[in-house]
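Here's the structure, in structure tokens; my notes come after.
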Amino acid sequence: MDPAGWRVAMDLPWHDDAYLDAHYAEGKRQAEAVFARTAGFAFASVRSAHVLGGGAQEFTGRLAHYTGRVSRGEDIAVHAPALPTVFIHHEELADLLSWAATADFTGPVNACSDGPLDVRGLTGIVAAQAGRKAVHRIVPAGEKASPFSFDRHYAMSNARAKKLGFAFSRTTDWLPGAVAAALALPAAPTD
């Protein structure tokens, strides 16, 4: 997506926290579009995949959702044709941001480890680390599923960042360690 071509709507209620939460991705697109249209300076932007890892530092609770449900033997709501998404380890994202700050390029780059996973691949890694079986429950079309279960294509390509010189890890190389760190945390309340 070329950010210069994205519609900017400054009249939307960006000051409303509920609106911001519901339109998080749109807010990022519009911010990038504002930078792209502002003449006078060049900029680079990093579009991040889902960030995982860090144990207690992982504040979103999305990985904890899976480690908790698998550990307790609870079912996980998934789409029937769950489509893959991409992830990046928090340390790899920090490395990429540091690299991007000193690299000589402008425009957007995508930040994601190599190897997309669907929700079943993710829960398989969680189950292997937890020594349990993942139990999936298919949700009807339109019903809300667990985080990272998508009924639409939700992956991105890191080809431009690679071409510019950044070397990415494979998701399956670091994800078991991130899951182990999440499993080692005190149990969160059930969701």
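What's counted below: heavy atoms across the whole structure, side chains too, no hydrogens, waters or symmetry copies. Small disclaimer: the values here were computed from a predicted structure and weren't measured.
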List the atom pairs, donor and acceptor, that lie under 3.5 Å between side-chain atoms in residues 126-136 and the rest of the protein, sequence neighbours left out.
residue	atom	partner	partner atom	Å
R132	NH1	S71	O	2.6
H136	NE2	T123	OG1	2.7

Name every donor-acceptor pair, under 3.5 Å, that has one atom in a side chain of residues 57-64 and the other anywhere in the protein, sequence neighbours excluded.
residue	atom	partner	partner atom	Å
E58	OE1	G53	N	2.6
T60	OG1	R62	N	3.3
T60	OG1	R62	NE	3.2

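Under a hydrophobic clustering in which Ile, Leu, Val, Met, Phe, Trp and Tyr are joined whenever their side-chain heavy atoms come within less than 4.5 Å, directly or via other members, M156 and W174 fall into different clusters. The cluster map of Ile, Leu, Val, Met, Phe, Trp and Tyr, joined by side-chain heavy atoms under 4.5 Å apart, puts V78 and F150 in the same cluster.
For the pair L185/T67, no side-chain contact is recorded, criterion being any heavy-atom separation below 4.5 Å from C-beta on. For the pair H65 and S146, the minimum side-chain heavy-atom distance is below 4.5 Å. Between N158 and V86 the shortest side-chain heavy-atom distance does not fall below 4.5 Å.
F87 and H50 have tilted rings, their planes meeting at an angle from 30° to 60° on a 0 to 90° scale.
Every pair passing salt bridge (Lys or Arg N to Asp or Glu O under 4.0 Å) that includes a residue from residues 110-121 is listed here, sequence neighbours excluded: D114-K162.
No donor-acceptor pair under 3.5 Å is formed between the side chain of S149 and the backbone N or O of A82.
What you find for L12 and Y19 is that their closest heavy atoms are CD1-OH, 3.3 Å. Contact between E92 and S113 at its shortest, heavy atoms only, is OE1-OG, 2.5 Å.
Taking the six-membered ring for Trp and the full ring otherwise, the centers of Y154 and H79 sit at least 6.0 Å from each other.
We find the CG-OG1 distance between L52 and T171 to be 9.0 Å, quoted to the nearest 0.5 Å.
Scored by the side-chain hydrogen bond (donor to acceptor under 3.5 Å, both in side chains) test, E26 finds W6, R29, Q30 as partners (sequence neighbours excluded). With sequence neighbours excluded, the residues satisfying side-chain hydrogen bond (donor to acceptor under 3.5 Å, both in side chains) with D75 are R69, R137.
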*asked:* The test is side-chain contact (heavy atoms from CB on, under 4.5 Å); show your working for L175 and L122 and say whether it passes.
replied: CA-CA 9 Å; L175 188 54; L122 173 65; 3.6 Å; yes

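Here I88 is tied into one hydrophobic group with V46, V51, L93, L96, L97, W99, F105, V109, L164, F166, F168, each link being a pair of ILVMFWY side chains closer than 4.5 Å.
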